[in-house]
Amino acid sequence: MDLSTKPAGAPAGLTLTGDAAPATAAADVIKDADITTFMQDVVQASQQVPVLVDFWAPWCGPCKQLTPALEKLVKAANGKLRLVKINVDDPKNQPLAQQLRIQSIPAVYAFSGGQPVDGFVGALPESQLKKFVEGLPGAGNIQDVAAEAIEAGKTALGNQAYEDAAAAFSEALGTEPENPAAVGGLARALIGMGEVEAAKEILDGVPPAIAEHAEIQAARSAMTLLEEGAKAAGNLKPLEDAVAANPNDHQARYDYALALVGDNRQGEALDQLLDIVKRDRKWNEEAARKQLVTMFEALGPMDPLVVEARRKLSSILFS
């Protein structure tokens, strides 16, 4: 099934019948589930309100962007929407992922009336997520005062208009002082402006409640890349020569990738890390894959370089 289009009916292998489950409490609108609870938590529950099913994995960077955004929308829906999260890395959930034809993550199905009615693949911007959710039966309008400013900030970041991004994220923080997307976005904008110390001050003062949020981690990743790349940039030519002399010198290639980051050649750096994963994905406790994830977080899920590198990484890991 192509999740970019509206599903025509039930996924193969699932029996979508049975009595509707009792209504759950408001605190139960977001939950983790597996194949054993899918009928109750998704199929039966969707007889009452739409249920979003988020297929994710711990190693998936875009999932870390998407899931919190989905949770935020579901909480704002005031009980008119539910979210069920399925970890596809859990072996017992892999048959379910196969039945639903999940080929890439993050992937989201929307169930209503016991049937899948819509879906998408990838980490959508918050504005598109809101539009998607509000189009589901019975969901209605979901208000988010800071969302427009945050989306403007992300667009400005993508265009490297760092001052505009900083202004937009600051506007959002005026409404929601602990909004992680706004805090992380402002830090990344300041990094882009060269205001590294100011960005560090913001990240050092992040409230514990949002410290592990994907947007904050993305800003920390951007800071880490900036610092590591700056250290390695001076060795660019010797490292390039070392890789040319011995393509299987993974450490030299890894250091070369960091040097490329310091030289603002992120696309080439991603290619070097992907080459290591392709040659020996387990090298140095998967250091190359982990560094790829760091770069994905720092650059953002919608960056064209990240989209292409993520596609290549999936091809390597699932081949």
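Just so we're clear, the structure is a prediction, and the values are computed from it rather than from any experiment. Starting from 1, each residue takes its place in the sequence as its number.
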CA sep, side-chain torsions, deciding dist, call: V108, L70, side chain to side chain contact (heavy atoms under 4.5 Å, CB included): CA-CA 10 Å; V108 173; L70 291 173; 3.9 Å; yes
What pairs of donor and acceptor atoms, side-chain ones from residues 231-245 against any protein atom, are under 3.5 angstrom apart with sequence neighbours left out?
| unit_1 | atom_1 | unit_2 | atom_2 | d |
| --- | --- | --- | --- | --- |
| K237 | NZ | D241 | OD1 | 2.8 |
| K237 | NZ | D241 | OD2 | 3.1 |

Identify whether [X] and [Y] are in the same connected component of the hydrophobic contact network (ILVMFWY, side-chain heavy atoms under 4.5 Å).
{"X": "V51", "Y": "V43", "answer": "yes"}
{"X": "V49", "Y": "I30", "answer": "no"}
{"X": "L96", "Y": "Y109", "answer": "yes"}

Determine whether F38 and F111 satisfy the following criterion, ring pair (Phe, Tyr, Trp, His ring centres under 6.0 Å), listing intermediate values before the conclusion. CA-CA 11 Å; F38 190 86; F111 276 71; 5.8 Å; yes
Grab the two heavy atoms, one from [X] and one from [Y], that are nearest each other, plus how far apart they are.
{"X": "P50", "Y": "P137", "answer": "CG-O, 2.8 Å"}
{"X": "A257", "Y": "Q272", "answer": "CB-CB, 4.0 Å"}
{"X": "A182", "Y": "F169", "answer": "O-CB, 3.7 Å"}
{"X": "A149", "Y": "A168", "answer": "O-CB, 3.4 Å"}

Suppose we screen for salt bridge (charged side-chain N to carboxylate O under 4.0 Å, His left out). Which residues come up paired with [X], at least two apart in sequence or across chains?
{"X": "E195", "value": "none"}
{"X": "E71", "value": "K85"}
{"X": "E227", "value": "K200"}

Flag, side chain of [X] to backbone of [Y], donor-acceptor distance under 3.5 Å:
{"X": "D263", "Y": "A259", "result": "no"}
{"X": "N93", "Y": "I86", "result": "no"}
{"X": "Y256", "Y": "Q251", "result": "no"}

When you look at CD of E163, are more than 12 heavy atoms from neighbouring residues, nucleotides or ligands closer to it than 6.0 Å? no
Evaluation steps, side chain to side chain contact (heavy atoms under 4.5 Å, CB included), between L52 and V133: CA-CA 9 Å; L52 299 176; V133 167; 4.0 Å; yes
Sorted by chain and number, sequence neighbours left out, side chain to side chain donor-acceptor pair (under 3.5 Å) with D54 holds for T67
Which residues satisfy the side chain to side chain contact (heavy atoms under 4.5 Å, CB included) test with [X], sequence neighbours excluded?
{"X": "L124", "value": "F120, Q128, L129"}
{"X": "I316", "value": "L274, V277, K278, R281"}
{"X": "T37", "value": "A33, D34, D41"}

Please verify the inter-ring angle class for W283 with H250; under 30° counts as parallel, over 60° as perpendicular, anything in between as tilted. perpendicular
What distance do L273 atom CG and E268 atom CD have between them, rounded to the nearest 0.5 Å? 12.0 Å
Show the atom names and distances, to 0.1 Å, of all donor-acceptor pairs under 3.5 Å that link a side chain in residues 289-299 to residues at least two apart or in another chain.
| unit_1 | atom_1 | unit_2 | atom_2 | d |
| --- | --- | --- | --- | --- |
| R289 | NE | E286 | OE1 | 3.0 |
| K290 | NZ | E285 | O | 3.0 |
| Q291 | OE1 | Y254 | OH | 3.3 |
| T294 | OG1 | K290 | O | 3.2 |
| E297 | OE1 | S221 | OG | 2.7 |

Donor-acceptor contacts, no H, no angles, side chain residues 202-216, under 3.5 Å, sequence neighbours left out:
| unit_1 | atom_1 | unit_2 | atom_2 | d |
| --- | --- | --- | --- | --- |
| H213 | ND1 | E215 | N | 3.0 |
| E215 | OE2 | K154 | NZ | 3.1 |

So, N87 and W56: side-chain donor and acceptor under 3.5 Å apart, yes or no? no
Result block: side-chain N/O donor-acceptor pairs under 3.5 angstrom for residues 304-313, not counting sequence neighbours:
| unit_1 | atom_1 | unit_2 | atom_2 | d |
| --- | --- | --- | --- | --- |
| E308 | OE1 | R311 | NE | 3.4 |
| E308 | OE2 | R311 | NH2 | 2.6 |
| R310 | NH1 | P301 | O | 3.2 |

Does anything in residues 242-258 form a salt bridge (charged side-chain N to carboxylate O under 4.0 Å, His left out)? List the pairs, not counting sequence neighbours. R253-D275
Within the 4.5 Å heavy-atom criterion, are C60 and P106 side-chain neighbours or not? yes
